[in-house]
Amino acid sequence: MRSSLIFAASALLAVAACGPGEAQDSSAPAVTADGGPVEIRPANAPDQKPAFAGQTRAPLKAAGVEYQVQVVAKGLDHPWAIAFLPDGSALVTEKAAGRLRLLAKDGALSTAVAGLPAVDANGQGGLLGLAIDPNYAQNGLVYWSYAEPRDGGNGTAVARGKLVPGAAPKLENVQVIWRQTPTLASALHFGGRLVFARDGALFITTGERSILEGRRQAQNLDGTLGKVVRIKPDGSIPADNPYVGQAGAKPEIWSIGHRNLQSAAINPKTGELWTVEHGAKGGDELNIPRAGKNYGWPTITYGEEYSGKPIGEGITARAGLEQPIYYWDPVIAPSGMAFYEGALFPAWKGSLLVGSLKDHHIARLTLDGDKVVGEERIAVEFGERIRDVVVGPDGAVWAVTDEDDGKVIRIVPKG
């Protein structure tokens, strides 16, 4: 295991370019003093104003924690998600290779897990999110999302299967339990995070596929583009979903009006789902998606087209549409998130950790209930695109980096 010492600091490195459809701004983050706003670069849409104080540009609240980043595994092909199994090993998806790997506790990577259905690994598509069944110890089931190749295009799908570990790991009894509709021909905005709620329901985040045809459908109830979806583990529909029984509406829909959700986690204090979604040029949003609510895309947004033109009417608020509880402008290109409740970092307890692809860091958000009251950017000096963030059973912060030589990293206290 190779170890690189990384110290908490407010100085940030220059930004590298993102993948297609993700955060095109390449200006470098600036240094700020403790107590001042973390983000002091010009906004992409400077005429837009937040709906309430503290909705953006939170002050720097540094915890004063010294830590080190350890490289646990490397040589992965653009890893997208990591999920821990009860024995302390983990599963890792490789987006670009469409491959699932087992990561042993000593950092050794398995051969590709056999039994996956066909994956469309193009653009932002490939093998994506992971979730472990709450009853894994009894049933051995794991869940994954992926870009599914179809006649006429592709779409996000979710499958599950029984994991059989060993020298030649495999999946048995594989079933596709959910498919996004309609099918579109696009290599962008698949969403793909999977999160089990306390009641055993499975949340699925989706994207609206970026192209205009899909963007418009984020507001429609007859499809699942730009939605949060809620199903049972077998793919059936919970009876208390908000659109069950409504004519013309997909019964699996939980919330609508989203752009491309690549971060999702359950708040351990409230049990509610929290998400972060990619904005366009400006307007990455932190939301608490609630049943039957509309989060506005593309009618309202804190951002603009990559061309600099307004999105739709160029408005940020409208009656009946929900405001994000926080947003970034310029964007950080968020992917992966976790609430920290571990024992290794007492000063980080209660923080929300969000990965950044564009600015190569983990945003540590200080919360006061549902409000963001501080922000600190950690692991910046490591200099790689953070695709997923989880808290391991050891209390360390684990992440995967979206690179040709992708890595699994582990953040622990220094010393």
Side-chain angles (χ1 to χ4, degrees), residues 50-52 54-56 58 61 81-83 128-131 134 145 191-207 226-231 241-242 253-279 283-297 301-302 321-328 331-342 348-357 362-376 386-391 397-399:
F52 54 86
Q55 194 181 19
T56 191
K61 286 200 173 181
I82 180 170
L128 304 172
L130 283 169
S145 65
R193 291 295 172 195
L194 305 177
V195 181
F196 274 102
R198 287 177 179 174
D199 63 3
L202 179 64
F203 283 113
I204 305 165
T205 73
T206 78
K227 310 294 192 300
V228 173
V229 164
R230 180 175 178 255
I231 61 174
N241 272 6
I253 294 174
W254 178 256
S255 61
I256 74 171
H258 301 284
R259 185 172 182 266
N260 187 23
L261 303 112
Q262 292 188 353
S263 306
I266 300 297
N267 186 324
K269 291 184 171 63
T270 66
E272 286 193 295
L273 176 71
W274 287 43
T275 62
V276 183
E277 63 189 80
H278 286 267
D284 290 341
E285 293 187 2
L286 173 62
N287 287 301
I288 307 175
R290 293 184 169 122
K293 298 295 185 180
N294 185 339
Y295 291 83
W297 177 259
T301 180
Y302 288 97
L321 303 182
E322 303 300 311
Q323 284 289 316
I325 65 171
Y326 191 70
Y327 70 88
W328 288 268
V331 295
I332 64 169
S335 188
M337 65 189 283
F339 287 88
Y340 189 82
E341 293 293 337
W348 290 356
K349 276 218 168 187
S351 298
L352 179 61
L353 308 174
V354 181
S356 165
L357 295 162
I362 297 172
R364 187 187 67 81
L365 302 180
T366 300
L367 304 176
D368 181 5
D370 292 349
K371 294 182 179 180
V372 175
V373 296
E375 183 173 354
E376 180 182 18
I386 304 296
R387 176 59 79 175
D388 195 16
V389 182
V390 301
V391 179
V397 176
W398 292 68

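What you see is a predicted model, and the numbers here were worked out from it, not measured in a lab.
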Checklist entry - Taking C-beta and beyond as the side chain, do Glu277 and Asn260 meet within less than 4.5 Å on heavy atoms? => result no
Item to check | Main-chain N/O of Gly191 paired with Thr206 side-chain donor or acceptor, under 3.5 Å | outcome: no
Next on the checklist: Given 3.5 Å as the limit, does a donor-acceptor pair link the side chain of Arg259 with the main chain of Gly279, or not?
Outcome noted: yes
Next on the checklist: Counting C-beta onward and ignoring hydrogens, is there a side-chain heavy-atom pair between Tyr302 and Gln55 closer than 4.5 Å?
Outcome noted: yes
Checklist entry - Do the non-hydrogen side-chain atoms of Val276 and Leu261 ever get within less than 4.5 Å of each other? => result no
Checklist entry - Between atom CG of Asp284 and atom OG1 of Thr56, what is the distance when rounded to the nearest 0.5 Å? => result 10.0 Å
Next on the checklist: Tell me if a side-chain donor or acceptor on Ser351 pairs with a main-chain N or O of Tyr340 at a distance below 3.5 Å.
Outcome noted: no
Item to check | Partner set under salt bridge (charged side-chain N to carboxylate O under 4.0 Å, His left out) for Lys371, not counting sequence neighbours | outcome: none
Checklist entry - Got Glu341 and Lys349 here, is their nearest side-chain heavy-atom distance under 4.5 Å? => result yes
Next on the checklist: I need the minimum non-hydrogen distance between Leu286 and Leu352, along with the two atoms involved.
Outcome noted: CD1-CD2, 3.9 Å
Next on the checklist: What I'd like to find out is whether the side chain of Leu357 reaches to under 4.5 Å of the side chain of Arg387, using heavy atoms alone.
Outcome noted: yes
Checklist entry - Given side chains that start at C-beta, do those of Leu367 and Val372 come closer than 4.5 Å, heavy atoms only? => result yes
Item to check | Non-hydrogen atoms of Ala338 and Val390 that approach each other most closely | outcome: CB-CA, 4.0 Å
Item to check | Geometric class of the Trp254/Phe203 ring pair [parallel <30°, tilted 30-60°, perpendicular >60°] | outcome: perpendicular
Next on the checklist: Show the nearest heavy-atom pair for residues Ala399 and Ile386, with the distance to one decimal.
Outcome noted: CB-CG2, 4.1 Å
Next on the checklist: I'd like to know if the side chain of Ser335 pairs up with that of Arg193 as donor and acceptor (distance under 3.5 Å, no hydrogens or angles considered).
Outcome noted: yes
Item to check | Side-chain touch Asp370/Trp274, heavy atoms, less than 4.5 angstrom | outcome: yes
Checklist entry - Any side chain to side chain donor-acceptor pair (under 3.5 Å) pairs touching residues 288-297, not counting sequence neighbours? => result Glu208-Trp297, Gln219-Asn294, Glu272-Arg290
Checklist entry - Side chains of Pro334 and His278: closer than 4.5 Å at any heavy-atom pair? => result yes
Item to check | Nearest-0.5 Å distance that lies between atom CZ in Arg230 and atom CG in Asn241 | outcome: 5.0 Å
